[in-house]
Amino acid sequence: MTMTDPERIPVIIGVGQVNDRPEDPDDGLDSLGLMVAALGIAAEDAGVSLDDLNSLAIVDQISFHHLGKLCEPLAAAIGANPVINYQSAAPHGDTPVRLLNEAANRIGAGEVKLAAIVGAEALRTAAGRAAKAASGEDKSYNAIRKVATRREPNYAQLHGLAAPVDVYPLYENATRAAWGQSLSDAQAESAEIWVRFSEVAAANDGAWIRKAASPEDILRVDERNRPIAFPYSKLMVANSSVNQGAGFIVASLAEAWRRGIPEDRLIYVGMGAAAKEHASILHRDRYDGSVSMETSITRTLALNGMTAADFDHVELYSCFPCVPKMARRILGWPVERPATVFGGLTFGGGPIANYMSHAIVSMVDRLRAEGRYGFLFANGGFATDNHCIVLGSKPIAAASFPQDFDYQAEAEAKRGPVPELVEDYAGPATIESYTVFYGRDGAPKAGVVVARTPEDKRTLAHVDVGDAAMLGFLTDGTQEPVGIAGQVVALEEGFGWRAVQSPSSLRA
């Protein structure tokens, strides 16, 4: 059903972002200060006063986590007293799009007329202050730092799969094999996408790194672009050492008219869809694709009655290359067209969960300047959370709010069988995916194989990176390791991977 009541049609009326990089990081704003600054710019852009807000939603942040919930401090700082005032439960990359969809739903339900969404990270400043606290220079900061709770590592963590940078390579290596690409072809695709990201960032005032890169820059591995987790190097991963904030203001169309906001400043909010993978990476059906990503993208297209040909601009989340590579294939977005309006998480900046707020700001700017429609795809966690939405410089005919954007049931219906996990397996197996981890000196420090047993169960095995032949087999691209048979052998500490034959004979 098409919405015709302007009181129930959501539009973005103001955007703002801050790129804070003083010479001395200690002089930088904290997360709260960045949020205040970003919302101030958004209010000026819209020509509204923040004390009129009915709703304020905050993207959770980690850099100044000791500040706690920022709902009341932020509202006080901007002079607002919103009826709805909340912070997301956790910092996931899909959060800004989710909060936008929630604001659109509240406007569609007639609950609010003016809503703001904002987030920020000041990891550059936090790192500097933490270093001074550790040295005793800054005792005040040391006194308020959040103390992490120590937990026993789980099975995946015992094999090195502890952070997103450890996990996403499993998708990269599995998709490369599934798509029939050689290692060099897959790396070349990553480089082509990343070069276009760098070019967009170079032209964006809000981006952190404003210098275009060449394919050689992306692919060359040296001390300035050290390997992180195979096959990713530093220039292929998110850059979180930033001080950035971004926010935007959503209103009903009728409220925008009442405030005299010109039509060419209004960006219409389209329908969205969300779905997620299992929280445990070892309880997923596959690594060569994601049914939740597929569902969120295809359902968003269907809800808005659009195809890739309708979009002048897209933002495909880019914490690691496998994500936009999978997303562009589902969407049907060609590799030769930029997959970002902000600059990607390497060059635009990777402010943890708030990247997509910057993408929304940049999409609004781009659509105001040129084009009809833009597509936003957000991803969070360990390739876990997916949320898409459409924006337009003109009304989106199919849009109707409030909407139920949760399409988890549809994703589950598409999901293949999840293999049983066995943690104490030794015997024959085949490689489902794998990666090698590197230290700051660029030397390999560990590796992990995700393997399938003859009974199609899943298990993990360590890789002996001191075995030059094995390391070469996994990383030199001579032969695709995924699908190769081998042996999981019991070690004094855990289980290790061995080839049935020598790696050199396997390559032959």
Heavy-atom pair of closest approach, residues Ala246 and Val361: CB-CG2, 4.2 Å
Side-chain donor-acceptor contact under 3.5 Å, Thr346 with Asn239: no
Aromatic ring pairing Tyr355/Tyr317, orientation class (parallel under 30°, perpendicular over 60°, tilted between): perpendicular
Test: Glu172 and Arg176 ion pair at under 4.0 Å: no
Ion pair check, Asp264 and Lys394, cut-off under 4.0 Å: no
Between Phe347 and Phe197, ring centroids under 6.0 Å: no
Main-chain N/O of Asp310 paired to Arg372 side chain as donor or acceptor, under 3.5 Å: yes
Salt bridge Glu277-Arg415, side-chain N to carboxylate O under 4.0 Å: yes
Side-chain (Asn54) to main-chain (Leu114) donor-acceptor, under 3.5 angstrom: yes
Glu121 (side chain) donor-acceptor with Ile62 (main chain) under 3.5 angstrom: yes
Test item: Asp45 side-chain N/O and Val15 main-chain N/O as donor-acceptor pair under 3.5 Å: yes
Test: Arg210 and Asp205 ion pair at under 4.0 Å: yes
Donor-acceptor pair between Asp217 and Ser214 side chains, under 3.5 angstrom: yes
Non-hydrogen atoms of Ser296 and Ala274 that approach each other most closely: CB-CA, 4.3 Å
Pair Ser190, Lys325: side-chain N/O donor-acceptor within cut-off below 3.5 Å: yes
Donor-acceptor pair between Tyr407 and Asn386 side chains, under 3.5 angstrom: no
pair Tyr168-Asn379: side-chain heavy atoms closer than 4.5 Å: yes
Asp52/Arg259 ion pair, N-O < 4.0 Å: yes
Check: Glu189/Gln181 side-chain N/O donor and acceptor closer than 3.5 Å: yes
Heavy-atom closest contact (Gly272 atom, Leu303 atom, distance): O-CD1, 3.5 Å
4.5 Å side-chain heavy-atom contact, Pro215 and Glu192: no
For the student: nearest non-hydrogen atoms of Ala57 and Leu99, plus distance: CB-CD1, 4.0 Å
Arg106 side chain to Glu111 backbone, donor-acceptor under 3.5 Å: no
Pair Phe64 and His66, ring centroids less than 6.0 Å apart: yes
Heavy-atom neighbours of Glu336 CD exceed 12 at 6.0 Å: yes
Trp333 side chain vs Val314 backbone, donor-acceptor pair below 3.5 Å: no
Minimum heavy-atom distance Gly289-Tyr171, with the two atoms named: O-CE2, 3.8 Å
Residue pair Asn243 / Thr125, side-chain donor-acceptor N/O under 3.5 Å: yes
Pair Thr295-Glu410, side-chain donor/acceptor within less than 3.5 Å: no
Close side-chain approach of Arg368 to Ile267, heavy-atom, < 4.5 Å: yes
Test: Arg124 cationic atom under 6.0 Å from Trp208 six-membered ring centre, within 45° of axis: no
Short side-chain donor-acceptor distance under 3.5 Å, Tyr86 and Glu102: yes
Option from Thr300, Asp94, Asn101 for which side-chain hydrogen bond (donor to acceptor under 3.5 Å, both in side chains) with His387 holds: Asn101
Heavy-atom side-chain contact between Arg8 and Ile107 under 4.5 Å: no
Modelled atom types, side-chain donor and acceptor of Asp60 and Thr95, under 3.5 Å: no
Contact summary for Val291 and Lys414, nearest pair of heavy atoms: CG1-O, 4.0 Å
Gln17 vs Phe342 side-chain heavy atoms within contact, under 4.5 Å: yes
